[in-house]
Amino acid sequence: MERDELECFLLLAEELHFGRTADRMRLSRARVSQLVQRLERRVGAPLFVRTSRRVALTALGRQLRADLEPHHRAIAAALERAAATARGIDTVLHVGFPNPLAGEIVMRTTEALRVSHPGLAVEVCEVPLADPYGQLRRGEFDLQVAELPVREEDLGEGPTLLAEERVLAIGSAHPLAARDAVSLEDLADVPLLTIVGNVPDYWLEHHVPARTPSGRPIARGPGMTQMQEALMLVAAGKGALLVPAHTARYHARPGVAYVPFADAEPTGYGLVWRAGHATGAVQAFARAAREVARTVARQAPRTALPGTAPAAHGHPAPSAPTPHPTFERVQLRA
């Protein structure tokens with residue numbers, strides 16, 4: 001298969017429009033049609049269904065696209081890595097982070113890259129809770145550290161970097177605040193604040209489950225769009241929220257208690273970028289972040305989470321001073 005046939009096929013499979021495909025390839029429509037026909041002759045069967053109103057992939061076309069896309073992305077990434085190595089990766093990388101723990105990973109990675117890739121500048125920005133992938137899709141970020149799971153077809157992701165226990169942020173006057181630990185079944189006894197915005201259903205279910213493991217419904221509290229607003233509502237007794245364990249340290253405030261879960265799955269963190277945009281700079285950041293995650297995991301204290309001992313007035317129980325930054329129950333994931 002010729003390279004122009006491959007690129008034409010994949011672009012047309014994405015656009016399903018000969019005119020837009022021709023514009024992106026800077027070719028005429030007739031040339032695009034010739035390339036497609038040449039590929040179909042090579043394969044021996046139609047790859048597209050064409051009518052006066054629409055263009056669609058045939059079953060064989062869908063199969064070929066699924067087989068070719070990963071290899072095409074790998075070739076493009078390999079060429080980009082080679083070019084980046086040749087020029088020393090001299091560029092600016094925009095990186096997003098959703099919370100303080102992820103922010104610490106990004107900043108440590110940035111410091112490491114100053115030594116290994118001095119020509120690579122990194123600019124960082126917080127990802128809004130109510131729109132976890134919008135800025136990445138719009139190209140405002142090149143990649144971001146994201147809370148897992150991520151199940152977006154247009155986004156690629158690297159391996160899980162870290163895993164962190166989750167806790168329940170709840171008003172200190174609520175009976176559950178006096179517990180040493182809670183279970184997911186206890187969520188049937190308190191409304192959960194919901195996240196309002198452009199959030200996928202599976203992502204919302206991970207953060208704000210609709211039912212307990214046994215099937216009991218979990219009531220919905222007020223909607224919120226960012227963490228400070230959420231904690232204000234929690235302190236006012238309007239509902240509770242599942243949060244990563246480090247929230248207890250970074251967002252300690254009167255009226256809010258943080259109670260560990262006995263049975264909730266940890267929150268994982270991984271790098272996410274737009275599919276097909278794993279540039280040399282992105283790959284360099286990913287490699288450095290992996291090493292930073294290993295260091296964080298080795299340094300993380302294995303002591304009780306804030307809130308596991310009796311707390312007064314919603315404050316986490318005091319703990320011995322530890323060097324900044326600290327991440328509670330952070331685990332390295334292979």
Side-chain angles (χ1 to χ4, degrees), residues 95-107 124-138 140-141 144-150 164-177 182 184 186-210 217-261 264 266-267 269 272 305-307 311-316 325 327-328:
V95 183
F97 64 93
N99 59 39
L101 175 88
E104 292 286 356
I105 295 172
V106 170
M107 294 310 297
V124 302
C125 185
E126 186 172 4
V127 177
L129 182 64
D131 190 14
Y133 309 123
Q135 289 174 283
L136 182 62
R137 286 195 168 104
R138 293 191 296 270
E140 296 172 28
F141 299 145
Q144 67 186 50
V145 178
E147 289 188 43
L148 304 178
V150 177
E164 179 189 21
E165 300 294 333
R166 288 197 287 175
V167 300
L168 183 68
I170 192 166
S172 57
H174 195 280
L176 290 178
V182 293
L184 292 173
D186 292 322
L187 297 180
D189 301 325
V190 59
L192 291 183
L193 303 180
T194 191
I195 301 169
V196 179
N198 186 22
V199 295
D201 290 342
Y202 72 85
W203 194 90
L204 186 64
E205 178 62 24
H206 176 76
H207 291 274
V208 191
I218 301 172
R220 286 287 185 265
M224 51 84 181
T225 59
Q226 49 94 10
M227 184 57 69
Q228 291 301 329
E229 176 188 7
L231 295 177
M232 179 184 69
L233 292 170
V234 170
K238 301 298 184 181
L241 188 67
L242 280 73
V243 296
H246 77 269
T247 309
R249 185 176 298 278
Y250 284 90
H251 295 290
R253 59 180 295 166
V256 178
Y258 295 93
V259 187
F261 277 98
T267 289
Y269 295 90
V272 182
L305 291 169
H313 307 296
H315 289 291
F327 311 122
E328 290 80 7

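If you're wondering where the values come from, they're calculated on a predicted model, not measured in any experiment. One is the number of the first residue; the rest follow in order along the sequence.
The line from NE2 of H206 to CG of L148 is 8.0 Å long, rounded to the nearest 0.5 Å. Note that CD1 of I195 is 4.5 Å distant from CG of L129, once rounded to the nearest 0.5 Å. Here the CG atom belonging to L101 is positioned 4.5 Å from the OH atom belonging to Y269, to the nearest 0.5 angstrom. Interatomic distance, OH of Y258 versus CZ of R253, reported as 8.0 Å (0.5 Å rounding). Summarising the geometry, atom OG1 belonging to T267 is positioned 9.5 Å from atom NE2 belonging to H246; distances are rounded to the nearest 0.5 Å. With rounding to the nearest 0.5 Å, the separation of CG in L242 from CG in L184 is 7.0 Å.
Here the shortest heavy-atom pairing between A130 and V196 reads CB-O, 3.0 Å. In this structure, Y133 and P149 approach most closely via the heavy-atom pair OH-O, 3.7 Å. Across all non-hydrogen atoms, the minimal contact from V106 to F97 is CG2-CB, 4.1 Å. Considering all non-hydrogen atoms of both residues, E126 and P98 come closest at OE2-O, 4.0 Å. Shortest non-hydrogen contact noted between V199 and P132 is CG1-CD, 3.7 Å. Residues L136 and F141 share a closest heavy-atom pair of CD1-O, 3.6 Å.
Side-chain atoms of L241 and T247, non-hydrogen and from C-beta on, never get closer than 4.5 Å to each other. Residues V259 and I170 meet the side-chain proximity criterion, which asks for heavy atoms closer than 4.5 Å. A heavy-atom distance below 4.5 Å is not found between the side chains of P266 and E164. Taking 4.5 Å as the limit, some side-chain heavy atom of E147 sits within range of a side-chain heavy atom of P244.
The closest donor-acceptor contact from the side chain of E205 to the backbone of A210 lies under 3.5 Å.
When the side-chain hydrogen bond (donor to acceptor under 3.5 Å, both in side chains) test is applied to H174, no partner is found at least two apart in sequence or on another chain.
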Indicate every side-chain donor-acceptor pair of residues 218-235 with a distance under 3.5 Å to a residue at least two apart or in another chain.
{"unit_1": "R220", "atom_1": "NH1", "unit_2": "P209", "atom_2": "O", "d": "3.1"}
{"unit_1": "R220", "atom_1": "NH2", "unit_2": "V208", "atom_2": "O", "d": "2.9"}
{"unit_1": "T225", "atom_1": "OG1", "unit_2": "E229", "atom_2": "OE1", "d": "3.1"}
{"unit_1": "Q226", "atom_1": "OE1", "unit_2": "Q228", "atom_2": "N", "d": "2.9"}
{"unit_1": "Q228", "atom_1": "NE2", "unit_2": "H251", "atom_2": "ND1", "d": "3.2"}
{"unit_1": "E229", "atom_1": "OE1", "unit_2": "T225", "atom_2": "N", "d": "3.0"}

